[in-house]
Amino acid sequence: MQLLKETQLTPESTPVTEKIILDVGGMKCAGCVTAVEKQLTQHPEVKNVCVNLATEVAVIEAEVGTVDAEALAKALTATGFPTQTRKANTTLAGQKSALEASNRRQHQEMQAVIRQLVIAGALLVFSGIGHFTNNIIPILNNIWFHCGLATVALLIPGRPILIDGWLGWRRGAPNMNTLVSLGTLTAYTASLIALLFPQMGWECFFDEPVMMLGFILLGRSLEKQARGRAASAFRQLLALQPQIARLIANPESEKLISGANIVEIPAEQVRVGEWLQVLPGDKIPVDGEVRFGQTTVDESMLTGEVVPVMKQLGDLVSAGTINQSGAIAIQATRTGNDTTLAQIVALVEAAQTRKAPVQKLADTVSGYFTYGVLTAALFTFLFWYFFGTHIWPDVTMSSGMTMMSHSAHHPIPSTHYSSLLISLKLAIAVMVVACPCALGLATPTAILVGTGMGAERGLLIKGGDVLEQVHQLDTVIFDKTGTLTTGKPIVTDCLVFTELETEQSLIQLAAAVESGTYHPLATAVHQEAQRQNLSIPHAVDFHTEPGMGVSAVVEDKTVLLGNWNWLNWHGITISETAQQQAQEWSTQGKTVISVAVDSTLVGLIAVSDSLRPDAKATVDKLRQMGLRVMLLSGDRLEAASAIAGQLGIESTNIMAGIPPAKKAEAIQTLQTGDNSTKPHSKSMIAMVGDGINDAPALSQADVGIALHSATDVAMETADIILMRDCLSDVVQSILLSRATFNKIRQNLFWAFAYNTIGIPLAAGIFLPSLGFVLSPASAAALMAFSSVSVVTNSILLRRFAH
């Protein structure tokens, strides 16, 4: 067995935790899930457990070193749930191998179910054909022949169901197989007694066990196929990982990508910094930077964008994408579990184990479901045997429940015997019609399909809880710089206040100080210095105050760059002329950078950042969806208002001049309803951002949405990650989340409604008035249809359009 442990580092006051992942087999319904969770939580050191029926995975959270994963797996295996642990730090190749092993196991299980189904189908044909031959083939009408068919049905195709049902009963966690086993065995036993003791006058119904098993196995085969289709997107993700990389043995060679200089190695052995050859048609083996050549790359498998992307010297490429047109050499920047593809796979796999809070109701019900059904079956039998058939004595004739006895070719006249048999059949129907499987599959199958589809389209949604939060959103807040704007600002204006400085020297000073930071404004200043071919002086003693400004010592002078608050903090006087000029630029939507040397304001630099092309359409669409759109910026109110005006965002929905440290606080104010725009009105907030400064706000929001251009910190904090770096995907991620959550609600409604209607129907609620009754075989067919319909409804989510 192998072990996977994902360690999480927490603050010193909090113990370090790890996640242990187990592959759990043998789970058939929500009752099984409850039984597995109950057993795992009995371990005193286990903090949290999440079991997924659709993916057959259990995720256990515990303090590091306190839980023996192998012991947990053995304990579950001993109770009837074959379990294996996963290996630590599994690479994509390892994950792919594990998935292939899982697929082989599921394929074997599917083949076993099909074999059982074929046998049950053949028995069902022989069982039913006797009713239509009119004694042409006498043996087909012989009751002993039908007894033999039922016996074979129980011993061969029904054997795994009977064994699992008994194991569930023995471990104190009866499941769907327990109900089916009790139903089929009761019908078989009653028929066998009637056959062996004909003087009792009971009727035989050996056809019922055969038909029940046939319908149930048919439903399970369809369900397994549907569950396989639901998980197809995740399998396709893993299939993207190439197995072979072409290592360039000598990157300094003039024959850089010649065959003599190439060595093929397993992709998982590539190290950061090594050079690789990628030929047209090859999958790119690792994340890297193009060092030679140019080409177009198909990135649709990661971003959902079907148009190939041009790649040339200095551009970044991602593992799993396909090189299309030219041979290139890349230098590996991320390998193994650090590649973009590996991170996507990890996010999708983790998302599929996170439950939506709405599933708690289903979990609570499923824990008591089987006991409730058994109780209902018992009350059904007692009611009809002692009261029902006496209050309505004609029910046996009107319902068509009275069948031909094996010992006489006329209806059984005895009310006593008819009361017993009809009560027994109704109780069996109640046991068989109930479907805990539909409850267990309602949420995980929808999440499986939704998150898989999202990954195909470049929308990474981190779990079922996120889907439910998105469904409740009423407000979307956008960060300005780099989110609504392109994040590629340019210097537009310079103003010098002292004769000691020129515009060129001002840019030189600013570029020197900004060389200590990576903010988009710093990039703009550096690009302006390069455009003017200016030399950049040496700077030391860098200091950055996020959202305020930067400082450094340049040629023995202390130089400050930043906003008014940054200058005021250092006691620098701001002239009226400077304020007027800054006001004018701000109203034009420009960001103003103040430059001070040795406590004197020497100049201003204006930087402009254009709106993203799809920003206006995105904001309009969100408003059409009934969402309030707000702008959050650390920039001056005038600059934020200019951008908001272009987008049609009302002035009451602008929050400007908010430093990064207070962005989370501003969101919390909206969440609690203590705000000026809508006093005493609590909001469910989605925050869209891209920078490290946005991480606290993304974390504070009910749903954090990060663009792929975002920093690693922002992407780690966010609940939804947009791989295409396309703002319109904010709309698509919300629509997909809503559609997936609607499927969850539909599935849960159907699962509860089916059982709420099906059980009373099977109990004979319409028997007195309409003469309608559900036979055990019909009940089994309905039960099989219930779980299949839930999975099929989830698969229909794939019809969700952009």
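Pairs passing the ring pair (Phe, Tyr, Trp, His ring centres under 6.0 Å) check and including a residue from residues 552-608, sequence neighbours excluded, read W566-W569, W566-H570. Among residue pairs with one or both ends in residues 574-596, those qualifying as salt bridge (Lys or Arg N to Asp or Glu O under 4.0 Å) are D493-K590; sequence neighbours excluded.
Panel note: side chain D729, backbone L722; no donor-acceptor pair is recorded below 3.5 Å. Judged by distance alone, the side chain of D541 and the main-chain N or O of A552 form no donor-acceptor pair under 3.5 Å. In this structure, the side chain of H526 engages the main chain of A511 through a donor-acceptor pair within 3.5 Å. A donor-acceptor pair is defined here as one N or O able to donate and one able to accept, closer than 3.5 Å; no such pair exists between the side chain of T296 and the backbone of Q324. The backbone N or O of G657 sits nowhere less than 3.5 Å from a side-chain atom of R636 that would complete a donor-acceptor pair. Using a distance-only test at 3.5 Å, with no hydrogens or angles considered, no donor-acceptor pair links the side chain of D474 to the main chain of S683. Here the side chain of Q671 pairs a donor or acceptor atom with the backbone of Q700 at under 3.5 angstrom. With hydrogens and angles ignored, the 3.5 Å screen pairs no side-chain donor or acceptor of D315 with any backbone N or O of V290. Looking only at distances, no side-chain donor or acceptor of T339 sits under 3.5 Å from a matching main-chain atom of T335. The backbone N or O of G482 lies less than 3.5 Å from a partner atom in the side chain of R612, making a donor-acceptor pair.
Considering CD1 of I734 and CG of L467, their distance stands at 12.0 Å, rounded to 0.5 Å. Considering CD1 of I322 and CG of D282, their distance stands at 10.0 Å, rounded to 0.5 Å. Interatomic distance, K283 NZ to T321 OG1, rounded to the nearest 0.5 Å: 10.5 Å. Atom CD in Q732 sits 8.5 Å away from atom NZ in K621 (nearest 0.5 Å). The distance from atom CZ of R457 to atom OG of S300, rounded to the nearest 0.5 Å, is 12.5 Å. The CD1 atom of I605 lies 4.5 Å from the CG atom of L506; values are rounded to the nearest 0.5 Å.
The heavy-atom pair separating L460 from A455 by the smallest distance is CD2-CA, 3.9 Å. Taking both residues in full, the closest heavy atoms of F497 and T577 are given as CE2-CG2, 4.3 Å, listed atom of the first, atom of the second, then distance. Nearest heavy-atom pair across A644 and I654 is CB-CD1, 3.4 Å. Of all heavy-atom pairs between G273 and Q331, the closest is O-NE2, 3.1 Å. Residues S733 and I705 approach most closely at OG-CD1, 4.4 Å, considering heavy atoms. Taking all atoms of both residues into account, the shortest heavy-atom contact from T600 to I572 is C-CG2, 4.5 Å.
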List the steps and the verdict of side-chain contact (heavy atoms from CB on, under 4.5 Å) for I685 and V703.
CA-CA 6 Å; I685 306 290; V703 177; over 6 Å; no

Using side-chain contact (heavy atoms from CB on, under 4.5 Å), reason through L604 and V595 one step at a time and then give a plain yes or no.
CA-CA 6 Å; L604 300 176; V595 183; over 6 Å; no

Evaluate V476 against R628 for side-chain contact (heavy atoms from CB on, under 4.5 Å), listing each step before the verdict.
CA-CA 6 Å; V476 178; R628 177 170 57 143; over 6 Å; no

Pair L736, M453 - check side-chain contact (heavy atoms from CB on, under 4.5 Å), show working.
CA-CA 9 Å; L736 177 59; M453 275 184 57; 4.1 Å; yes

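For the side-chain hydrogen bond (donor to acceptor under 3.5 Å, both in side chains) test, no residue two or more places apart in sequence or in another chain qualifies with K557. D338 is linked by a side-chain contact (heavy atoms from CB on, under 4.5 Å) to R334, counting only residues two or more places apart in sequence or in another chain. Applying the side-chain hydrogen bond (donor to acceptor under 3.5 Å, both in side chains) test to T485 and every residue at least two apart in sequence or in another chain returns D609. A search for side-chain hydrogen bond (donor to acceptor under 3.5 Å, both in side chains) contacts involving Q508 returns S535, not counting sequence neighbours.
Contact annotation: the side chain of M684 never approaches that of T475 to less than 4.5 Å [non-hydrogen atoms, C-beta and beyond]. At least one side-chain heavy atom of L473 sits under 4.5 Å from a side-chain heavy atom of L627. In this structure the side chain of K480 never reaches within 4.5 angstrom of the side chain of L632, judged on heavy atoms. I328 is listed as a side-chain neighbour of N323, based on a closest heavy-atom distance under 4.5 Å. V540 places a side-chain heavy atom less than 4.5 Å from the side chain of H538. Looking at heavy atoms from C-beta onward, L611 lies out of side-chain contact with T486 at the 4.5 angstrom threshold. You'll find the side chain of V466 stays beyond 4.5 Å of the side chain of Q469, heavy atoms only. Between F478 and M630, every side-chain heavy-atom pair lies at or beyond the 4.5 Å cut-off.
Partner S737 forms a side chain to side chain contact (heavy atoms under 4.5 Å, CB included) with one of D719, V470, T451 and no other, that one being V470. Considering L560, L601, V602 in turn, L601 is the only one that fulfils the side chain to side chain contact (heavy atoms under 4.5 Å, CB included) rule with S594.
Using a 4.0 Å cut-off between a side-chain N of Lys or Arg and a carboxylate O of Asp or Glu, E528 and R531 qualify as a salt bridge. K311 has a carboxylate O that lies under 4.0 Å from a charged side-chain N of E299, or vice versa, which qualifies the two as a salt bridge. Here E665 does not pair with K663 in a salt bridge; the nearest charged N to carboxylate O distance is not below 4.0 Å.
Residues D287 and T333 bring no donor and acceptor atom of their side chains to less than 3.5 Å of each other. A side-chain donor from one of S325 and T295 sits under 3.5 Å from a side-chain acceptor of the other. Residues S505 and T502 bring a donor and an acceptor atom of their side chains to less than 3.5 Å of each other.
No more than 12 heavy atoms of other residues, nucleotides or ligands lie within 6.0 Å of CD in E555, so this atom counts as exposed by the packing criterion.
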